[in-house]
Structure formats: C-alpha cells, structure tokens
Novice: 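This is the structure, below, for whatever I ask next.
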Amino acid sequence: MTILTFTLILILAAYLAGLLGSLTGLGGGVVVIPVLTLGFGIDFHYAIGAALIASISTSSGSASAYVREGITNIRLGMFLEIATTIGAVLGAFIAIWMPTNIIAVIFGIVMMMTAVLQQRRKTDHSNVIGSTMAKKLKLYGTYPTKEGIKSYELTNVGGGFSIMVSAGILSGLLGIGSGVLKVLAMDTAMKVPFKVSTTTSNFMIGVTAVASAVVYLQRGYIDPGIAFPIIIGVLCGSLTGAKLLKRLNVNILRKVFSIAIVLVALNMIYNGIIGKF
C-alpha cells in the first residue's frame with residue numbers, strides 16, 4: 001500500500017467516524033481508535049495521540065458556535081477544566097507506561113459504559129436551589145430557549161469537580177473526550193440543564209485534549225502522517241453531521257450505533273485479554 005492510498009483511506013475512515021460521532025453524540029474518538037488499532041494495526045499510543053489531536057480540532061470548531069449562541073457556561077467550563085486538565089495529565093502519564101493490552105481492555109469497558117449512558121433518559125432540571133459554593137463562584141447563568149431566556153442555578157460543586165478529575169484521567173488515558181462522563185457530572189451531580197451541560201462539555205473537551213496531547217507529543221506518539229489525515233476527515237465528518245442532524249431523526253441510528261459500539265468494545269476487550277495489542 002502506497003502512502004497516498006493509506007492517507008486517503010485514513011481520511012475516509014476518519015470522515016465516517018466524525019460523521020457517526022456527530023450524529024450519535026458519542027464523539028469521533030470512540031470510532032477513530034478502534035479503526036486505527038483494529039483496522040490498520042497501528043500502535044495504541046499513536047492511535048490515542050491522533051484521536052487527541054482530532055478532538056482538539058473538532059471541539060474548537062463546534063464549541064465556538066455554542067458560545068456565540070449563549071448556551072455554553074464559560075465560567076463553569078473554565079472552573080471544571082482545572083479538574084479535567086489535572087486528570088488528563090495524570091492519565092497521559094499513566095498511559096505512557098501502561099501495557100497497551102490493559103489500555104485496550106479499559107477502552108472497551110469505557111466504550112460499553114458510554115453506549116449505555118448515551119441511551120439514558122435526558123431530563124432538564126428546574127427550580128434548583130444553588131449551593132453556597134456555586135453562588136460564591138458565580139457559576140449560575142442563563143441560556144436561550146423557545147420561550148425566551150431562562151436562568152438556572154446549580155449545586156454539588158465538589159461532587160461535580162471530583163467526577164471531572166476522573167473524566168480527565170480517562171481522556172488522557174484513552175484519547176477520548178469523555179463527554180458522556182462530563183455531562184453526567186454536570187447534569188446528574190450538579191443539576192445543570194442538559195442543553196447547557198452538553199455544550200459546556202464540548203467547550204471543555206478541546207482544553208482537556210491539549211493537556212494530554214502535550215505529554216504524547218513529548219514522548220513522540222503523535223505522528224503527523226497519521227494525525228493530519230485523521231484531523232481532516234473527522235473535522236469534515238463532524239461538520240457534515242452537524243448539518244444532517246437538523247434534518248434527520250437520528251434516534252434509531254443512535255440505538256443501532258450503540259449496539260455496534262458494544263460489539264466493537266467486546267472485540268477490543270477480547271483482543272486485549274489475549275494480548276493481541
């Protein structure tokens with residue numbers, strides 16, 4: 001296989017990953033890493049490095065739109081980024097020294113959890129009485145709805161911050177955005193409205209990925225020949241998915257894709273256990 005052929009196949013695979021990730025909300029990294037490791041036999045560390053770079057580009061592009069619309073809680077995101085950044089650096093250092101077969105097993109388990117949590121019922125919180133800590137840090141805010149601007153408060157700042165450290169560790173360890181875990185922290189623990197928690201999570205993913213990517217870059221695990229085609233493909237796929245999302249009913253696609261993710265996860269776990277990676 002020539003370099004040109006390999007690059008074009010990578011771009012196409014990354015495009016499909018970005019498209020499916022955007023339509024289902026699972027993120028491109030969940031698809032990119034299995035494609036690189038299982039499909040192309042690329043070392044897990046290089047696959048994680050490429051996925052982190054892709055997460056930075058896609059998060060930066062989509063997050064700016066949500067900030068302009070006034071949905072993202074920037075103050076909350078920057079506060080929680082302290083936790084995710086600390087966790088991401090720790091996770092990246094752990095991943096450098098951890099055997100790849102163990103990383104594969106953990107990745108498979110996290111993929112299964114992500115697919116299951118993605119199907120949970122999404123409810124919006126109202127009439128939440130903000131905690132003293134949230135008020136002191138001024139983490140409350142407003143967001144636009146069909147009925148007009150709606151204000152909200154939040155609670156359990158310490159609990160959400162702790163979960164964010166875990167989300168950061170998984171991001172650095174596995175090269176995924178851990179968006180579902182971030183949303184879980186804000187939505188379930190802190191009682192942030194779901195729309196705000198998802199957009200704020202997207203805003204945070206890029207910063208978390210940067211912290212991890214620095215460690216991988218220093219260790220030489222970010223290969224431009226792999227990372228650049230992945231960035232182009234995932235970014236184009238994400239933009240296409242964002243446009244299709246407004247026209248399509250993707251509920252069935254999300255369920256089918258979640259089943260596919262679980263099957264891929266089981267394959268990753270099996271290959272990790274037998275030491276194929």
Side-chain angles (χ1 to χ4, degrees), residues 3 6-7 10-11 13-14 17-18 21 27-63 77-108 110-111 161 164-179 181-182 201-235 238 268 272 275 277:
I3 295 176
F6 175 73
T7 302
L10 269 187
I11 291 174
V30 174
V31 187
V32 165
I33 293 178
V35 167
L36 292 176
T37 54
L38 296 177
F40 293 94
I42 293 172
D43 182 88
F44 225 102
H45 291 118
Y46 287 98
I48 292 173
L52 286 171
I53 297 298
S55 295
I56 296 168
S57 60
T58 53
S59 173
S60 301
S62 57
M78 294 184 71
F79 170 71
L80 294 177
E81 277 169 0
I82 299 171
T84 58
T85 301
I86 293 171
V89 174
L90 289 173
F93 276 114
I94 293 171
I96 296 299
W97 302 108
M98 183 177 286
T100 53
N101 62 313
I102 296 178
I103 296 177
V105 172
I106 296 173
F107 186 86
V110 172
M111 283 178 69
F161 193 89
M164 286 296 175
V165 175
S166 301
I169 291 174
L170 287 178
S171 178
L173 180 64
L174 306 175
I176 58 177
S178 300
L181 197 57
K182 290 184 176 75
S201 168
N202 196 281
F203 170 76
M204 295 167 60
I205 284 173
V207 177
T208 307
V210 167
S212 308
V214 170
V215 179
Y216 282 88
L217 184 63
Q218 289 177 334
R219 298 287 180 174
Y221 284 126
I222 295 181
D223 186 338
I226 299 172
F228 286 171
I230 293 296
I231 291 173
I232 295 170
V234 169
L235 186 57
S238 298
M268 296 284 283
F277 291 106

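Note that these values count all heavy atoms, side chains included, but never hydrogens, waters or copies made by symmetry. Computed from a predicted structure; not experimentally measured. Starting from 1, each residue takes its place in the sequence as its number.
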Novice: On a heavy-atom basis, which atom in Ile42 and which in Ala47 lie closest, and how many Å separate them?
Specialist: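 Nearest heavy atoms, Ile42 then Ala47: CG2-N, 4.2 Å.
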Novice: What residue among Thr208, Ile48, Thr84, Thr85 forms side chain to side chain contact (heavy atoms under 4.5 Å, CB included) with Ser171?
Specialist: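 It is Thr208; the other options fail the test.
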Novice: For a quick test of reading the model, state the closest non-hydrogen atom pair linking Ser212 to Ala92 and the distance between them.
Specialist: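 Answer, listing the atom of Ser212 first, then Ala92: O-CB, 3.9 Å.
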Novice: Per the side chain to side chain contact (heavy atoms under 4.5 Å, CB included) rule, which among Ile102, Asn101, Ile103 passes with Phe44?
Specialist: Ile103
Novice: Parallel, tilted or perpendicular, judged at 30° and 60°: which one describes the rings of Phe161 and Phe79?
Specialist: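 The arrangement is tilted - the two ring planes meet at 30° to 60°.
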Novice: With side chains defined as the heavy atoms from C-beta onward, is the minimum distance between Met164 and Met204 less than 4.5 Å?
Specialist: yes
Novice: Apply side chain to side chain contact (heavy atoms under 4.5 Å, CB included) to Thr100 and His45, showing your working.
Specialist: CA-CA 8 Å; Thr100 53; His45 291 118; 3.6 Å; yes
Novice: Can you tell me how far CD1 of Ile169 sits from CG of Leu173, rounded to the nearest 0.5 angstrom?
Specialist: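 If we round to the nearest 0.5 Å, Leu173:CG and Ile169:CD1 are 8.5 Å apart.
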Novice: Testing the basics here: between Pro229 and Ala14, what is the closest heavy-atom pair and its distance to 0.1 Å?
Specialist: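 Distance-wise, the nearest heavy atoms are O-CB, 4.1 Å.
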Novice: Evaluate Phe107 against Thr37 for side chain to side chain contact (heavy atoms under 4.5 Å, CB included), listing each step before the verdict.
Specialist: CA-CA 12 Å; Phe107 186 86; Thr37 54; over 6 Å; no
Novice: Restricting to non-hydrogen atoms, name the atom on Ala104 and the atom on Gly272 that form the minimum distance, rounded to 0.1 Å.
Specialist: CB-CA, 4.1 Å
Novice: What side-chain donor-acceptor pairs closer than 3.5 Å can you find for residues 214-223, not counting sequence neighbours?
Specialist:
| unit_1 | atom_1 | unit_2 | atom_2 | d |
| --- | --- | --- | --- | --- |
| Tyr216 | OH | Gly172 | O | 2.9 |
| Asp223 | OD1 | Gly225 | N | 2.9 |

Novice: Which atom names give the shortest non-hydrogen contact between Ala50 and Ile230, and what distance separates them?
Specialist: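 Closest pair (atom of Ala50, atom of Ile230, distance): O-CG2, 4.1 Å.
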Novice: Can you tell me which residue among Ile53, Leu36, Thr7 is in a side chain to side chain contact (heavy atoms under 4.5 Å, CB included) with Ile226?
Specialist: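 Filter result, single survivor: Leu36.
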Novice: Return the minimal non-hydrogen interatomic distance between Ala213 and Leu52, and the atom names on each side.
Specialist: N-CD1, 4.0 Å
Novice: Between Ile106 and Met98, is the side chain to side chain contact (heavy atoms under 4.5 Å, CB included) condition met? List the steps.
Specialist: CA-CA 11 Å; Ile106 296 173; Met98 183 177 286; 3.9 Å; yes
